[in-house]
Amino acid sequence: MASIELKNVIKRYGTGKTANQVIHGVNAQIKDGEFIVIVGPSGCGKSTLLRMVAGLEEISDGTISIGNRVVNDLEPSERDIAMVFQNYALYPHMSVFDNMAYGLKIAKVPEAEIKTRVDKAAKILELGAYLDRKPKALSGGQRQRVAMGRAIVRQPQVFLFDEPLSNLDAKLRAQTRLEIQKLHRELGITSLFVTHDQVEAMTLAQRMIVMNGGVMEQFGTPEEVYTRPATTFVASFIGSPPMNLLKNAPDAKAGVITGVRPEHLDITPNGWSLAVEAVEMLGAERLIYGRWTHTQGNDGEVVIIRTEESAAVPAIGATLHVTPRPAKIHHFDANTGRRLETV
Amino acid sequence: MASIELKNVIKRYGTGKTANQVIHGVNAQIKDGEFIVIVGPSGCGKSTLLRMVAGLEEISDGTISIGNRVVNDLEPSERDIAMVFQNYALYPHMSVFDNMAYGLKIAKVPEAEIKTRVDKAAKILELGAYLDRKPKALSGGQRQRVAMGRAIVRQPQVFLFDEPLSNLDAKLRAQTRLEIQKLHRELGITSLFVTHDQVEAMTLAQRMIVMNGGVMEQFGTPEEVYTRPATTFVASFIGSPPMNLLKNAPDAKAGVITGVRPEHLDITPNGWSLAVEAVEMLGAERLIYGRWTHTQGNDGEVVIIRTEESAAVPAIGATLHVTPRPAKIHHFDANTGRRLETV
Amino acid sequence: MEKRVFFRSNWLPWLLLAPQLAVVGIFFFWPAGQALVQSLQQQDAFGTSVTWVGLDNFKALWNDATYLASFQTTVIFSALVTVLGLSIALLLAVFADRVVKGATFYKTILILPYAVAPVVSGLLWAFMFSSSIGVVTYALHKIGFDWNHLLNSNHAMALVVMAAVWKQISYNFLFFLAGLNSIPKALIEAAAIDGARPWRRFWTIQLPLLAPTTFFLLVINMVYAFFDTFAIIDATTQGGPGKATSTLVYRVYFDGFRGMDFGGAAAQSVVLMVIVIALTVVQFRYVEKKVQYA
Amino acid sequence: MVERRTTLGILAHAIMIVGALIVAFPIYLAFVASTHTPQEIMQSPMPLWPGSNFWESYQTALRGSSSSLTSTPVARMIWVSFVITMIITIGKISISLLSAFAVVYFRFPLRQLCFWAIFITLMLPVEVRIGPTYQVVADLGMINSFAGLSVPLIASATATFLFRQFFLTVPDELVEAARVDGAGPMRFFIDILVPLSVTSIAALFVIQFIYGWNQYLWPLIAATSEDMYPIVVGIKQMIGTGESVSEWNVVMATAVLAMLPPALIVVLMQKWFVKGLVDTEK
Amino acid sequence: ATEIQWWHSMDGALNDWVNDLAKDFNASQSEYKVIPTYKGEYDQSMAAGIAAYRANNAPDILQVFEVGTATMMYSKGAIKPVAEVMKEGGVKFDPKSYISAVSGYYTAPNGQMMSMPFNSSTTVFYYNKDAFKAAGLDPEKAPTSWPEVVLAAAKLKTNGSTCPFTTSWMTWAQVESFSTWHNVSYASKFNGFGGLDARLEFNSPLHVRHFENLANMSKQGLFVYKGRAGKASSSFISGECAMFVGSSGSYATIKRDAKFQFAESTLPYYPDVPGAPQNTILGGASLWVMSGKPAANYKGVAQFFSYLSSPQVQAASHQRTGYLPITMAAFELTEKSGFYKKNPGTEVPVNQMIRKTTDKSRGVRLGNFVQIRAIVDEETEQIWTGKKTAKEALDSAVSRGNELLAKFQAANK
Ligand SMILES: Nc1ncnc2c1ncn2[C@@H]1O[C@H](COP(=O)(O)OP(=O)(O)OP(=O)(O)O)[C@@H](O)[C@H]1O
Ligand SMILES: Nc1ncnc2c1ncn2[C@@H]1O[C@H](COP(=O)(O)OP(=O)(O)OP(=O)(O)O)[C@@H](O)[C@H]1O
Ligand SMILES: O=P(O)(O)OC[C@H](O)CO
Ligand SMILES: [Mg+2]
Ligand SMILES: [Mg+2]
């Protein structure tokens, strides 16, 4: 187990004129044993960052240290890490046992020791019955666990996960999430977990890094990120349906964006006045889509309101009044998108 | 526009001994202009049913009528239907215009008329700027719209959709959902829409057919299906997280399953007693997973409770007391799985 | 693997198949049947006197030590061509897979021999190794090696093998390269994280994963060595010295078209067809299976 | 790229260079020989750099030399090769497209048998059934004609198989969409399937072009007059017994000319070729 | 004009000769057009012709080497005897005008002339005068016996020659011609002239001795094997090989292409063998007329043959190619013109052939002879590679060959 430190990490693809910078100076201190999730939209550089830590991608600038050792120039195998890939990257021609044992064999761990370690991992992951099978003969969830097993047996200082759950169906994903949490509790190994799914990020992370366009937008606990998003990007990326980010709220100041989550808008006899555009029934709750009545024409701003299933259903076209809960209003600078603590 | 009638529709694959019946006598009356969603898990026969309506699959038994005309033996092109496929099935070598025009050309519609119709559809779907592009050069959402356009230009009596949104990302899916609703409002064409996604089904359907294993489990409005599920299958399939279906609730009768949705369990000073297993933070709400304290050992029954984000977070391992809201308790026959109106 | 939907028509598929079936029937099955009939006959060169001899032709083949030797020659030749062709191509493909700069240039050169006709290939190699004017012969002589494929059967075998391998490398190379490309990069990365060095990765990951490609090429190369090398042998050694490079196919042509022993040649054809059909079945099975994986 | 070590990179380049040199050498030598006078080639060793006899050699070859065995000019041979090759290539591709379409998209009795019947021809090379085939072609009066030289070679298991494989990967929905659009089988074939198969067609064009161009044994016996010799046979005839080859330069010029068209096809269509083959075969 | 297809095996300078003959004939009249086509080596063109016959596509005229004579002669109805063609064509034809050694070879037991003598050759000895000079040998004096050949070869080798001696047509020159030259039997039944039940006998002690001798030379680098059929001649022409036994018909190409002084001389022999030298064997080829053609074609063929047998054409051909003058008239015409004087050595083949022949030296006529030759080639190649001794190879060749003879006998009863 070890801490990880990223110091002004930069990644460029290509050189000279054609160089394309995709990571713009990321700084982060990850504590020993922490479970960190990196989340962000597709193409924002999550995998690139993770792969730089793994040693699969060269670091263009800055330094990465694992356990106080700068690893910039070390081969992946020398960094004492293990990685779980999105499509698992299991060796299709090897049995489950051999898949897990491969790294140990190369490291010349004695046969007996290999067997002990693999068996132990297999037990933790309930793979004991499948050790002789080829990956082809396993279900998606089982494959995923083999990939985890392969990482575990190496007893590395750091676990790296690159969207390890995205090939699983919803049910299995939820279940595996719980397993990963349990595993981390038991082994306590520093982990970096990449995902583009905010639910996964929220449920798994001790702290999470929200990335956008190669920039780290926020680094904090899920609680912090949800309740005090640092930028409009974070505000709209985390939470579903997303936070309403309003320029034209009746009481808005110029240059300031008002943010309110749909569940923090209460239907009140008066307040912001909206024309109902659509209503969606989602079982336990309803989403109401409304447009300002006070702005001329169509300004493109839709306000989403989340209500209980039991609440009354407004008619389409009807006018609705809503009031944001005061403590739950956020303000952002319209130009930079950064959170404003005081308005 | 036309009504659709399914009378005891049966589908068998293969013949004789190897015959495999996948649709077991479906009966349904669909009114002219209705928007019907067929929902169910993978392999339940949704597509098969739809394809029988389309004429792409032979009907083994029973009859299908469109607008009072039995279509069992008609070619797809003679049934006056249009279909949108899951992966759109755009002709990759044809431009967007040609994709939409192909069916009209074969039907020998005059050039000028073709142009008018395609242009009109393109305008509705905001595809005007892309008419000369090949499908390859379009985004997923645009492709989806071309597929819709191809269906629209034919001015059919019935629209058939086979999971047309499942290749889109979450945001686009939500948006397209709204567009389809709008389109249906405007054109009013009878539509059959297949999906395995309950959110889609709930939000789009005027009435929905819930299928399981080739059997129609329920046919009703989303409201009905959600509030009065006809079977345990429907109860667990519609709603996320699913309804708790409990055999071991403290006050349960033998042979009766008690159903309560997670949002209808309130934390109260006393009531059902549970040991907290895990807590997941989902932004606006929390899920608490608990196990009975009154049953011996592990009976595998987990109770999920949904609380507001603002509610207190219980510690793992702590004991929690919950009470179901009386009006929201459902009962099912443990053997047949069917809803019991009186217990 | 089958299509789910299909068109219904009783006559259209036959119409569509007609041209192909006509060609196949007239130019493949009819002659093949003829060969079968002729293998039971003894004819004079001109076909004017024909006698039925039962299985005599086959018995004669069985008793002909040189025919059995041709079997051996064919096996050795095919094995050499296949093994060398595959391993050299694999070596080149593995390294071509590594280079980034100039890859297209190398590839272009390496696939050129594919375009060269076997006869021309034979001609070029015979020219290089010609006893009087061959540059390679000259160079070998300079380093004290006396090349003489007219007399030395090993040299002759080496010559036809070289010419045959040279021509086939391109094809193998292309497929190996494609095979290597289709191995997910993540597997290589996973192995690298597991601590495997390039050499080890090649043997434990890449090579085993190339097995389907290799097997496919193995069959293709064997067929090539069996049949398509006729022109190469004809242009270089004409089966000599002795019968040292006379493969089964060369024998069919030689005994039939040069020796005018039509019955014997037909019997040889039949033997070849049997071998060939066995190979087909193996390949068909394999290819079908592979497709189902995909 | 996992390893960043330069040694491996250098080794890779070194091996590629050595490989390319060895592979290219025979072709290079043929070219060099074609640029020298016969006397220069007869010297031992012959020069390894191009000489100055280029024009003479190629002119003699193209016009046909009085002293070579075939007085037919190479230009005529190239024409014959070209015609035969085109008939074979286009013929093979067309009839294979049709039969693969029939086999994949229709269900009819004996379907598997038909497919097998075609497939097995892959394994009955001309060499094996040469005598009877010759007889059949002669009985049909096709000896020494373009048709006789090409049609017997037109059946193609490879192409049928490749197209079948490709058709199997064409999404079913496309057929269904076409059926909903009202297209019948032939309409679907022409409007949708053939345009979609361009990559496979291109790959097969390369393969079959080379197959046709390089035919040797069949034309050797089926062409009985010199003006029907394709270039590949012409070359062999030029060398004759080897008893009197004195014009190696002309022979090699002819060899270079014989290699040129297929080489051009392979190099120019390289990308398509690999794509078409690999996407479907693998 | 009626086209007359003529398939042949004449390459090098001989190809020019054949083309010229056709051109001249075609120019001499307008009714017929003879189209010569080179169809590969002798065995190849013969095979091609037979295959074509089987496919009803035979040429009108097929040049077949002497070895194929029996096969052609015994074929039932595939060929039209030349005597018949000439008679039907109304052309004067006198078999007796041909040198008997030649006409006898192509005459059936019933006395009918079966094919048209065309290019008859025999084996001769060529050597490179320049190389002899350089090696200190007398360029005007050719070695006449095998021991002398060995000595000369040794000298040439010491002087740096990589190929002092070679031979083309191993079977024709070193087995068949060797037999008649030493008047030993090649096969029983007068080398097959006596009937189909003849069997091979060329594994006699003398034959074995000769091949042991060649094997020793080969081991010492004095004899270098250059391949089957006529392949060796290019090694002589290129100057690589200094002494060479080959066909007199190679003269034309050697003369055209060799860049050195050379001479033609009689075949070496073993002086201790009684009766040697006898006469060399006839080689080359004759023209066969294939059956089943329209009458007009046969008329044209007759015309063409008549053109070919005019003494002027024959003499010119003889002088141009090195093939034998096949009629006495042509021989006399050439002699009178002083050609032999002007071109010393050119009379050698004639002299070798017009000696009186014996039963053992008249020639060889065997069925499946082409294949027998292939066997002899294969077997003797084993000697040079050291895989077999001379005796083993010849024994094996005889026994394999006899099987073919038995087969032929069975098929042609
Ligand atoms: N080898 C490369 N060469 C050039 N650019 C690259 C390369 N690999 C990735 N990129 C670019 O770097 C950016 C970040 O890519 P990365 O794979 O890290 O995104 P990601 O956040 O993991 O996305 P996803 O969620 O889709 O996996 C992208 O814009 C991508 O196009
Ligand atoms: N051609 C066929 N032959 C035999 N069985 C088939 C065939 N097509 C479908 N089935 C079977 O019919 C059943 C219903 O298939 P169908 O495609 O209708 O399911 P679905 O509900 O659309 O599932 P999904 O959500 O995965 O698309 C499945 O069990 C399937 O295996
Ligand atoms: O080269 P030629 O024409 O003299 O013929 C040589 C022998 O007779 C062939 O058998
Ligand atoms: Mg990624
Ligand atoms: Mg479906």
Fill in: Aromatic ring proximity, centroids under 6.0 angstrom, D:Y105 and D:F188
yes
Worksheet item: Who pairs with B:E34 by salt bridge (charged side-chain N to carboxylate O under 4.0 Å, His left out), at least two apart in sequence or on another chain?
Response: B:R207
Any residues in [range] near chain D, with a heavy-atom distance under 4.5 Å, and which are they?
{"range": "residues 96-118 of chain B", "value": "B:Y102, B:G103, B:I106"}
{"range": "residues 79-95 of chain B", "value": "B:I81, B:A82, B:M83, B:F85, B:N87, B:A89, B:L90, B:Y91, B:P92, B:H93, B:M94"}
{"range": "residues 123-142 of chain B", "value": "none"}

Worksheet entry | Salt bridge present between B:E75 and D:R179 (N-O < 4.0 angstrom) | yes
Worksheet entry | D:Q165 side chain reached by D:L162 side chain, heavy atoms, under 4.5 Å | no
Worksheet item: Taking side chain as C-beta onward, heavy atoms only, is D:Q215 less than 4.5 Å from D:I84?
Response: no
Separation of [Y] [atom2] from [X] [atom1] (nearest 0.5 Å):
{"X": "B:N72", "Y": "B:S65", "atom1": "CG", "atom2": "OG", "result": "7.5 Å"}
{"X": "D:F163", "Y": "D:T158", "atom1": "CZ", "atom2": "OG1", "result": "11.0 Å"}
{"X": "B:T48", "Y": "B:R12", "atom1": "OG1", "atom2": "CZ", "result": "14.0 Å"}
{"X": "D:T160", "Y": "D:I93", "atom1": "OG1", "atom2": "CD1", "result": "11.0 Å"}
{"X": "B:M216", "Y": "B:I209", "atom1": "CE", "atom2": "CD1", "result": "5.5 Å"}
{"X": "D:I207", "Y": "D:I265", "atom1": "CD1", "atom2": "CD1", "result": "12.5 Å"}

Worksheet item: Between B:F193 and B:F161, how do the two ring planes meet: parallel, tilted or perpendicular, split at 30° and 60°?
Response: tilted
Worksheet item: Does the pair B:L6 and B:I64 meet the rule for a side chain to side chain contact (heavy atoms under 4.5 Å, CB included), with working shown?
Response: CA-CA 5 Å; B:L6 308 181; B:I64 296 183; 3.7 Å; yes
